[in-house]
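As structure tokens, the structure follows; a few thoughts come after it.
Reminder, nothing fancy here: chain letters follow the sequence lines and each chain counts from 1. The structure displayed is predicted, hence computed values, not measured ones. Worth knowing before you read on, the calculation uses all heavy atoms, side chains too, and leaves out hydrogens, waters and symmetry mates.
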2 protein chains.
Amino acid sequence: MRQPKPVRGFARGLAALEALNRRGAATALELARDTGIPRPTIYRLLQTLLEEGYVARSPSDDRFKPRLKVRGLSDGFEDEQWISAVAAPAMQALTRRLHWPCDLMTLEGTHLVIRETTHRIAPYSIDRNMAGREIPLLESSAGLAYLAALPEDEARELIGLATAGLADGARAALAAGRAVAVARRRGHGLRQGGARWPHTGSVALPIRHQGRVLGGLSVIWMARVVGQEDGVARCLEPLTQTVREIEERLARGEG
Amino acid sequence: MRQPKPVRGFARGLAALEALNRRGAATALELARDTGIPRPTIYRLLQTLLEEGYVARSPSDDRFKPRLKVRGLSDGFEDEQWISAVAAPAMQALTRRLHWPCDLMTLEGTHLVIRETTHRIAPYSIDRNMAGREIPLLESSAGLAYLAALPEDEARELIGLATAGLADGARAALAAGRAVAVARRRGHGLRQGGARWPHTGSVALPIRHQGRVLGGLSVIWMARVVGQEDGVARCLEPLTQTVREIEERLARGEG
DNA sequence: GCGGAATGTCCACTGAGTGGACAGGGAGGG
DNA sequence: CCCTCCCTGTCCACTCAGTGGACATTCCGC
């Protein structure tokens with residue numbers, strides 16, 4: 001029962017395409033650096049993508065860009081129904097109102113994973129956060145909101161798991177416990193700058209259904225433009241309404 | 001200035017992944033048949049996708065399915081602003097109202113291309129139409145609506161181009177001209193069954209902006225459940241409203 | 001229990017893929 | 001004007017990654 005050997009060229013190609021998507025547009029050198037793949041190989045991978053119509057080379061600046069056809073690589077993925085049917089429309093309305101993007105995340109292992117985002121329609125797309133990207137629980141507003149919504153013992157266990165691998169896990173767990181306590185008192189997760197994302201700030205709320213915490217919803221702004229208090233003042237109320245709407249629809253069984 | 005040689009393994013992997021997305025879930029054999037790639041190779045390609053986390057094997061039926069991570073292969077693609085910001089939300093509202101999916105298409109060469117679809121949120125997803133898929137002008141309701149909205153000479157030229165390759169192009173062009181005339185009189189494109197999609201019916205309207213025809217919007221239903229007259233009676237009015245809303249927003253400069 | 005079809009694995013062969021090396025070009029600066 | 005630095009794109013000889021025909025195994029329906 002040995003497993004077949006994977007195809008390296010394919011794995012590398014996927015890595016390159018993902019790196020390209022992360023940047024939105026890139027040169028061969030940038031992709032080589034991002035992926036660690038030698039530049040001549042990147043050229044051949046890009047040539048493949050060009051010939052198949054997945055990417056195009058911008059005539060103006062010579063950068064490679066994804067084309068519509070890349071959608072065909074992902075459109076077969078069926079998200080959980082509640083996310084696309086209930087949460088996504090509400091999120092779009094929220095972003096159209098606030099002009100800042102928002103991200104919906106659910107727990108996967110010891111990370112949050114972005115399930116849906118409005119960066120596509122947000123006037124200013126900030127940190128190009130893609131669906132599928134992993135977000136650490138302890139450094140994100142959504143993670144804090146999520147943990148704060150959990151029963152205390154479950155939160156403690158999850159913090160333990162999330163800090164298990166770290167060098168000074170015990171200390172990190174203590175700090176995390178305090179941060180979660182703050183979030184619980186406030187009623188929302190909050191972040192302004194920080195090591196992970198120095199340029200943005202964010203508020204987040206948990207999404208609950210039938211006593212379970214399904215995930216977290218966060219609004220993100222640029223820290224240069226919007227201060228922490230400012231962000232909360234502007235975004236928290238609309239965010240609260242959006243989460244309430246989602247939860248009501250879930251309760252009505254629309255998910 | 002010779003071009004680099006493409007990477008076959010990558011091209012094949014992409015073909016396999018696309019085939020998998022088209023089916024939603026598939027076995028190795030199905031993918032081998034769809035793509036023409038030998039089965040052992042499909043296994044290795046799938047193994048690659050498994051190891052990288054792009055697909056999972058369903059424990060119940062042993063089929064391969066795309067996972068959330070595939071989104072990372074396409075999320076960097078930025079659609080034209082009016083589609084994601086204006087048309088997509090309106091389309092979602094339409095599908096929530098009618099319960100049938102709708103597709104937005106624009107012209108590319110002598111085909112329409114699906115730019116946005118609501119099959120993801122439609123209660124019954126019919127013909128798994130993906131973004132990026134090519135739709136023939138002359139066999140689709142959206143194509144007829146599009147051609148009918150064009151000035152007569154442009155329509156004729158486009159019909160000529162679209163039928164140029166065909167065996168009996170002249171005859172096909174004549175038939176197409178008549179079908180377009182009917183659509184023009186009716187004010188909408190219409191299809192029920194037909195060789196290409198025997199199981200569905202569809203009504204479509206053109207989307208106009210500043211004197212240009214941007215594309216077509218169609219609602220699709222299952223022919224078994226909804227008859228032609230029935231479909232028009234139920235869907236045409238909401239579709240008209242949706243298109244009007246999109247056009248008004250475009251006129252207000254929201255795109 | 002017997003054909004028929006699908007699944008999964010093996011392995012010898014080879015050309016597809018690799019990546020170090022280099023040529024060409026543009027920007028900066030001394 | 002020359003020299004340096006860095007980036008782009010291409011070349012090509014080597015080799016091992018990828019291939020696919022073949023087979024063993026399982027799961028059907030009859």
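Legend: residues meeting side-chain hydrogen bond (donor to acceptor under 3.5 Å, both in side chains) with A:T41, ordered by chain and number and at least two apart, are A:R44. Residues that satisfy the side chain to side chain contact (heavy atoms under 4.5 Å, CB included) test with B:D230, not counting sequence neighbours, are B:V226, B:R234. Residues passing the side-chain hydrogen bond (donor to acceptor under 3.5 Å, both in side chains) test with B:S140, sequence neighbours excluded: none. Taking B:Q47 as the reference, B:E51 meet the side-chain hydrogen bond (donor to acceptor under 3.5 Å, both in side chains) condition, with sequence neighbours excluded. Taking B:T106 as the reference, B:R115 meet the side-chain hydrogen bond (donor to acceptor under 3.5 Å, both in side chains) condition, with sequence neighbours excluded. Under the side chain to side chain contact (heavy atoms under 4.5 Å, CB included) criterion, B:A88 pairs with B:E116, not counting sequence neighbours. Looking at residues two or more places apart in sequence or on another chain, you find a side chain to side chain contact (heavy atoms under 4.5 Å, CB included) between B:L107 and B:L112, B:L137, B:Y146, B:L158.
In this structure, CD1 of A:I42 is placed 13 Å from C1' of C:dT18, rounded to the nearest angstrom. Nucleotide C:dG19 holds its P atom 9 Å from the CD1 atom of A:I37, rounded to whole Å. Per the geometry, CD belonging to B:E30 stands 13 Å off C1' belonging to C:dT7, to the nearest Å. What separates CG of A:L46 from P of C:dT18 is a distance of 13 Å, to the nearest Å. Across the protein-nucleic acid pair, A:L31 atom CG and D:dC7 atom C1' stand 14 Å apart, rounded to whole Å. With rounding to whole Å, A:D61 atom CG is found 12 Å from D:dT8 atom P. The separation between B:F64 atom CZ and C:dG8 atom P is 7 Å, rounded to whole Å. In this structure, the OH atom of B:Y43 is 8 Å from the P atom of C:dT9, given to the nearest Å.
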Collect all protein-nucleotide pairs involving nucleotides 14-17 of chain C in which both atoms are nitrogen or oxygen and the distance is under 3.5 Å.
| residue | atom | partner | partner atom | Å |
| --- | --- | --- | --- | --- |
| C:dG17 | OP1 | B:R8 | N | 2.6 |
| C:dG17 | OP1 | B:G9 | N | 2.8 |
| C:dG17 | OP2 | B:P6 | O | 3.3 |
| C:dG17 | OP2 | B:R8 | N | 3.1 |

Are there any protein N/O atoms within less than 3.5 Å of an N/O atom in nucleotides 21-26 of chain D, and if so, which ones and at what distance?
none

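Taking the C1' atoms of five terminal pairs at each end of the helix from C:dG1-D:dC30 to C:dG30-D:dC1, the two resulting helix axes are inclined by 40°, rounded to 10°.
In this structure the side chain of A:L49 never reaches within 4.5 angstrom of the side chain of A:L45, judged on heavy atoms. For the pair B:P89/A:R96, a side-chain contact is recorded, criterion being any heavy-atom separation below 4.5 Å from C-beta on.
Across all strands shown, B:R63 has no heavy atoms under 4.0 Å from either base or sugar-phosphate atoms.
Residue pairs meeting the salt bridge (charged side-chain N to carboxylate O under 4.0 Å, His left out) criterion with at least one partner in residues 24-42 of chain B, sequence neighbours excluded, are B:R23-B:E30, B:R23-B:D34, B:E30-B:R63.
Within the 4.0 Å cut-off from OP1 or OP2 of D:dT8, not a single side-chain nitrogen or oxygen of A:R57 is found. Taking only side-chain nitrogens and oxygens, A:T27 never comes nearer than 4.0 Å to OP1 or OP2 of D:dC7.
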Give the table of side-chain donor-acceptor pairs shorter than 3.5 Å for residues 65-72 of chain B, with sequence neighbours excluded, one pair per line with atom names and distance.
| residue | atom | partner | partner atom | Å |
| --- | --- | --- | --- | --- |
| B:K69 | NZ | B:E52 | O | 2.7 |

